[in-house]
Structure formats: C-alpha cells, structure tokens
Amino acid sequence: MRRVNSFGGRVGRGLAVAGAVVLLAAGCESETPEPDRPAGSAPAVEEEPWSTDTTRGDGHGTHVSPAVLEEVMVEEDDGYDRVVLRFRGGVPDYIADPSDPLAHGGLGTEVEMPGDQHLKIVLVGVTEESSFPVTEGTAVLPEVRDLGIFEGELGVGIGVVTPTDEPLSYRVHVEEERLVVDIAHPGH
C-alpha cells in the first residue's frame, strides 16, 4: 500500500517524544508470538464485506469523553484506495452513506467537491478539535473534506471518481485508534 497524502500534526512534539520512549521501552520486553503469528506483527483483522448501501458501526471509543481526529491519510492499493482516520481517545461510532449531493453537517448547504460519486462518513462523538483541512488524494479518491461539525458529529466527505455507472462499493472497519474506509476501484 502506498500513502499518497495525509494531514496530521495535532500531536505535540513532547507527546510524540514521550510516545517514542514508551514504544522503545515496550519493545525491550520479550514477546511470545501467537502460534501462527510472527513476533512484532499485527493480529489478523477480519475484513468487512463490501457494501453499496448505508452502513453503521461501533467504534472503539471510551464513550467517557469525545474522540479527537488527529490525522487523515489517503493511500492507494491494487483494487481499492483507502482513507484512514486516526483518533486520540478512541474511535467514535460512525455512519457511512453514499450520498449525492453532500451537505454540510450543521448548515445543510450543499458542498461541491471532485468526484462522480461521494461517500459521507458521519463520526458520532468528536470534539471541535477534529476539524481538518482538505486532504488531496489519488486519481480515484481526489479529495477528502471536512463537512462540518454539529452537535458532536463530524461529517467527512470522500470524492470518488467512477468512470462507469457502477454503484460506489466500499467497506469500513475499525483498527485500534483508526477508522479505515476502503473504496473499490470500478470493476473489482
């Protein structure tokens, strides 16, 4: 997988250094791998099925305090492109909805963005700090955009270029502090 673009930088330098020290210390401990998993590798993640309809899911949030979106990344791979949303404070619940036109969360005004089709991800239970600038992406996913925060819900718009009349096919899954959205290339 090749990272194309990302927005990040909300984590302070001191926090990043502290995190590196913790990771270094944790790396010094011996690890006993699972029988079919090499030491240091991530556990297998069961892939979600592809969908063309609205989907909803539970994040891994603490539900004690709202999550903060810290980074938006766009990556490309064979057969699909990926948007990764990384959080602090857990991953919020979400609603993914193929929708045209896209609308601003609180204002309801239409939002223009590149793409023949669009996917709106509503993140439920985030702070105002979660706002982010437009993130440029790939030929298939030219842009990821903040659609506004209203009453603790952030709308994220993903523009998708589909040269065919196929419905937008996507899957969403949660990995630790990340919400991962894969968008299938036409014909896959």
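Cluster annotation: L179 is connected to V160 through the hydrophobic network of ILVMFWY side chains, with a link wherever side-chain heavy atoms come within less than 4.5 Å. Two different hydrophobic clusters hold V156 and L147 under the rule that ILVMFWY side chains link at heavy-atom gaps under 4.5 Å. Cluster membership check: L154 shares its hydrophobic cluster with V91, using side-chain heavy-atom separations under 4.5 Å among Ile, Leu, Val, Met, Phe, Trp and Tyr. Linking Ile, Leu, Val, Met, Phe, Trp and Tyr residues whenever their side-chain heavy atoms come within less than 4.5 Å leaves L102 and I158 in two separate clusters. Residues V172 and V140 are members of one and the same hydrophobic cluster, defined by side-chain heavy-atom contacts under 4.5 angstrom among Ile, Leu, Val, Met, Phe, Trp and Tyr.
Here the shortest heavy-atom pairing between A67 and G90 reads CB-O, 3.1 Å. In plain terms, the two heavy atoms of P92 and V126 that are nearest each other are CG-CG1, 3.9 Å. Looking at every heavy atom in both residues, L69 comes nearest to F132 through CD2-CD2, 3.6 Å. Taking both residues in full, the closest heavy atoms of W50 and A184 are given as CZ3-N, 3.4 Å, listed atom of the first, atom of the second, then distance.
Within the structure, every pair that satisfies the side chain to side chain donor-acceptor pair (under 3.5 Å) test and touches residues 146-160, not counting sequence neighbours, is listed here: S131-D146.
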Less than 3.5 Å apart, which donor and acceptor atoms pair up between the side chains of residues 111-123 and the rest of the protein, not counting sequence neighbours?
unit_1 : atom_1 : unit_2 : atom_2 : d
D116   : OD2    : T162   : N      : 2.8
Q117   : OE1    : L168   : N      : 3.0
Q117   : NE2    : T162   : OG1    : 2.9
Q117   : NE2    : E166   : O      : 2.9
H118   : ND1    : D100   : OD1    : 2.3
H118   : NE2    : M113   : O      : 3.2
H118   : NE2    : P114   : O      : 3.3
K120   : NZ     : A103   : O      : 3.2

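Among E70, E176, E71, E177, the single residue meeting the salt bridge (charged side-chain N to carboxylate O under 4.0 Å, His left out) criterion with R88 is E70. Checked options D182, I183, V74, L141; the residue passing with R82 is D182 (criterion: side-chain contact (heavy atoms from CB on, under 4.5 Å)).
When the side chain to side chain donor-acceptor pair (under 3.5 Å) test is applied to Y94, no partner is found at least two apart in sequence or on another chain.
In this structure a side-chain-to-backbone donor-acceptor pair under 3.5 Å is missing from D58 to D93. Side-chain N or O atoms of T109 include none that pairs as donor or acceptor with a backbone N or O of L107 at under 3.5 Å.
Between the OH atom of Y80 and the OG atom of S169 there is a distance of 13.0 Å, given to the nearest 0.5 Å. Note that the CG atom of D78 and the CD atom of E76 stand 9.0 Å from one another [nearest 0.5 Å].
Annotation: side chain of H185 is in contact with side chain of D81 (closest heavy-atom distance under 4.5 Å).
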